[in-house]
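Keep in mind that what you see is a predicted model, and the values were worked out from it rather than measured.
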Amino acid sequence: MSEEAAVNAPRKSLHGHWSSRMAFVLAVTGSAVGLGNVWKFPYVAGENGGGAFVLVYLICVFVVGLPIMMSEILIGRRGRRNPAATMALLGEEEGSTRRWGLVGVAGVFGGMLILSYYSVIAGWSLSYIGHSITGSFTDQDAAGISAIFGSIVGSWWTAAGWHTLFMALTVFVVAKGVEGGLERAVRFMVPGLLVLMFVLLGYSMTTGYFQQGLAFLFTPDFSALTPNAVLAAMGQAFFSLSVGMGAVMAYGAYLPEDTSITKASFAVVSADTFIALLAGLTIFPIVFANGLSPGSGPGLVFQTLPLAFGNMTGGVIFATVFFLLLSFAAWTSAISLMEAATAWLVESFRVSRVAAASVIGGIIWALGLGTVMSFNVLSEVTFLAGTLFDNLDFLTSNIMLPLGGLLITVFAGWIMCANSTSEELGGAGRLYRAWRFLARWVAPVAVILVFLNAIGVLSFT
Ligand code: PHE
């Protein structure tokens, strides 16, 4: 089909469509809910002092993340291609330039960089399934759990092995295409994860430190709110919602015409935020009850939750199911992290999905070895933000995602005309006007202010 014909005919995606509105909501939820909620949110909140960080995070989720998610989905559905091609096509169609496609290309690389370390952490989760089944956590104290964690993370070939397995599982699904398996996986994963989180929350309430946990998360101490903490809170909002690199845009390309983007986005954002808060509420009482430090970094969740499992009846079963579900949650996010890159390779170079997914997966796997080693042989090698892992995480979550999100929301709010966006968002009612105000003004200005503040040009915190 020529470009012009493609513009006029109702567009179809090359990669198939979601079978229903529910399937789309599930897929985006699967992308959003993952290690970001259970692993990253608690440790980043812990490192940045709790309450005030959480407040900024919540504000960012609703006034920046939500409108950007809606922008991504509407752009994706209108263009119906991979994010790079979609933004190039719409850029031209809306009277600007095809160069907007570069935002999509940046997202392809951003997603690959994120997945390179995401897969390593997911590997830790996989290895914890084995430790759970064999009862390694039973009756352990904090030092015992730390030793188990250290035996995985501190040995580069053990960690590399689990990373390899996780990448293989991810490539396998991505190679098969969006309709295969993903919907079904998410359908039991999210409810299952919620049930287990409540079991853990129940345990946390018995530690006697629930009040402290609650206070840590919800009593803002603004003196802990450094410019970098504000940046981290914004980065966490982008990361957790999967916005800023085109993952949601790629999924939007497979969305049926009659689905309400506003409703779907609200549902995903609420579920994602709820799960993150639940994880925080569960973890901090355990941290305080065991005299651990909230700021102990990426190992936080892996060193606290096993304590809970090891001390509760039925802990072996609960732990096994929990780490299984967490690995599933990571899996559905990882798939979305590869989707933009894979679709881009397939469409740009006319290769098969299997070939595209394998090549992309191979590159990501190799990059991931850097993160594997950041926790052992290269742990002493630090620069800028810390280890190689710290730098990758900082660069992607705190810079690339917000920058990508900024360009996406500027595109949807300023480059696309109101007719196009209101058509996608179901008419020009009150909700539409609220979205447009957030997308044109609030979200871009907020991202710019947080950036300027972090580099020291402003000092509002
Ligand atoms: N949102 C996912 C999580 O919270 C991670 C992710 C980030 C996925 C960016 C896709 C894009 O685990």
Side-chain angles (χ1 to χ4, degrees), residues 32 36-68 197 200-201 204-205 207-241 243 266 269-298 300-301 304 385 393-394 397-399 401-402 405 438 441-461:
N37 310 63
V38 179
W39 161 72
K40 198 166 179 208
F41 172 73
Y43 99 74
V44 184
E47 283 181 339
N48 291 288
F53 170 94
V54 175
L55 186 66
V56 177
Y57 162 76
L58 289 175
I59 295 172
C60 287
V61 163
F62 289 99
V63 306
V64 182
L66 177 64
I68 295 182
M197 298 290 302
L200 278 166
L201 187 69
S204 280
M205 289 178 163
T207 56
Y209 284 80
F210 193 69
Q211 284 297 333
Q212 277 90 327
L214 207 61
F216 182 75
L217 274 180
F218 295 113
T219 314
D221 162 13
F222 289 101
S223 68
L225 204 60
T226 61
N228 242 324
V230 177
L231 181 66
M234 180 173 77
Q236 176 60 22
F238 279 88
F239 185 90
S240 193
L241 297 177
V243 295
F266 261 109
V269 169
S270 315
D272 187 74
T273 309
F274 184 71
I275 294 180
L277 293 177
L278 209 53
L281 271 180
T282 302
I283 282 156
F284 287 109
I286 305 175
V287 168
F288 296 126
N290 291 280
L292 301 166
S293 151
S296 57
L300 186 70
V301 172
T304 48
D393 179 36
F394 187 87
S397 312
N398 297 359
I399 301 176
L401 294 182
L438 291 173
W441 296 102
V442 181
V445 170
V447 174
I448 292 171
L449 288 181
V450 173
F451 275 152
L452 290 180
N453 189 47
I455 57 174
V457 176
L458 297 175
S459 52
F460 64 78
T461 55

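Proximity of Val230 to Leu225: side-chain heavy atoms (C-beta onward) are separated by under 4.5 Å at one or more points. Side-chain atoms of Phe216 and Tyr209, non-hydrogen and from C-beta on, never get closer than 4.5 Å to each other. In this structure the side chain of Leu401 never reaches within 4.5 angstrom of the side chain of Val243, judged on heavy atoms. Looking at Phe451 and Leu231, their side chains come closer than 4.5 Å, going by heavy atoms from C-beta outward. Looking at Val447 and Met234, their side chains come closer than 4.5 Å, going by heavy atoms from C-beta outward. Between Ile68 and Phe238, the closest side-chain pair of non-hydrogen atoms falls below 4.5 Å.
Within the structure, side-chain hydrogen bond (donor to acceptor under 3.5 Å, both in side chains) pairs that include any residue of residues 38-49 comprise Lys40-Asp393, Lys40-Ser397 (at least two apart or interchain). Residue pairs meeting the side-chain hydrogen bond (donor to acceptor under 3.5 Å, both in side chains) criterion with at least one partner in residues 231-241, sequence neighbours excluded, are Ser240-Asp272.
Looking at every heavy atom in both residues, Ala232 comes nearest to Val44 through CB-CG1, 4.2 Å. Smallest separation of non-hydrogen atoms from Val63 and Pro67: O-CG, 3.1 Å.
For the atom pair Leu217 CG and Leu55 CG, the distance stands at 12.0 Å (nearest 0.5 Å). Leu66 CG to Leu438 CG: the interatomic distance, rounded to the nearest 0.5 Å, is 7.5 Å. Taken from CD1 in Ile59 to CZ in Phe62, the straight-line distance is 11.0 Å, to the nearest 0.5 Å.
Thr226 and Asn228 share no donor-acceptor pair across their side chains, judged by distance under 3.5 Å alone.
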Practice task
Would you sort out whether Phe41 and Phe239 count as a ring pair (Phe, Tyr, Trp, His ring centres under 6.0 Å), showing the intermediate values?
Solution key: CA-CA 10 Å; Phe41 172 73; Phe239 185 90; over 10 Å; no
Practice task
Step by step, work out the side chain to side chain contact (heavy atoms under 4.5 Å, CB included) result for Cys60 and Val56.
Solution key: CA-CA 6 Å; Cys60 287; Val56 177; 4.1 Å; yes
Exercise for the section: Go through Val61 and Val269 one step at a time and tell me if the side chain to side chain contact (heavy atoms under 4.5 Å, CB included) criterion holds. Expected result: CA-CA 8 Å; Val61 163; Val269 169; 3.5 Å; yes
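Surrounding CZ of Phe394 are more than 12 heavy atoms belonging to other residues, nucleotides or ligands, all under 6.0 Å away.
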Identify all side-chain donor-acceptor contacts of residues 276-296 below 3.5 Å with residues at least two apart in sequence or on another chain.
residue	atom	partner	partner atom	Å
Thr282	OG1	Leu278	O	2.8
Asn290	ND2	Ile286	O	2.8
Ser293	OG	Gly295	N	3.1
Ser296	OG	Ser293	O	3.1

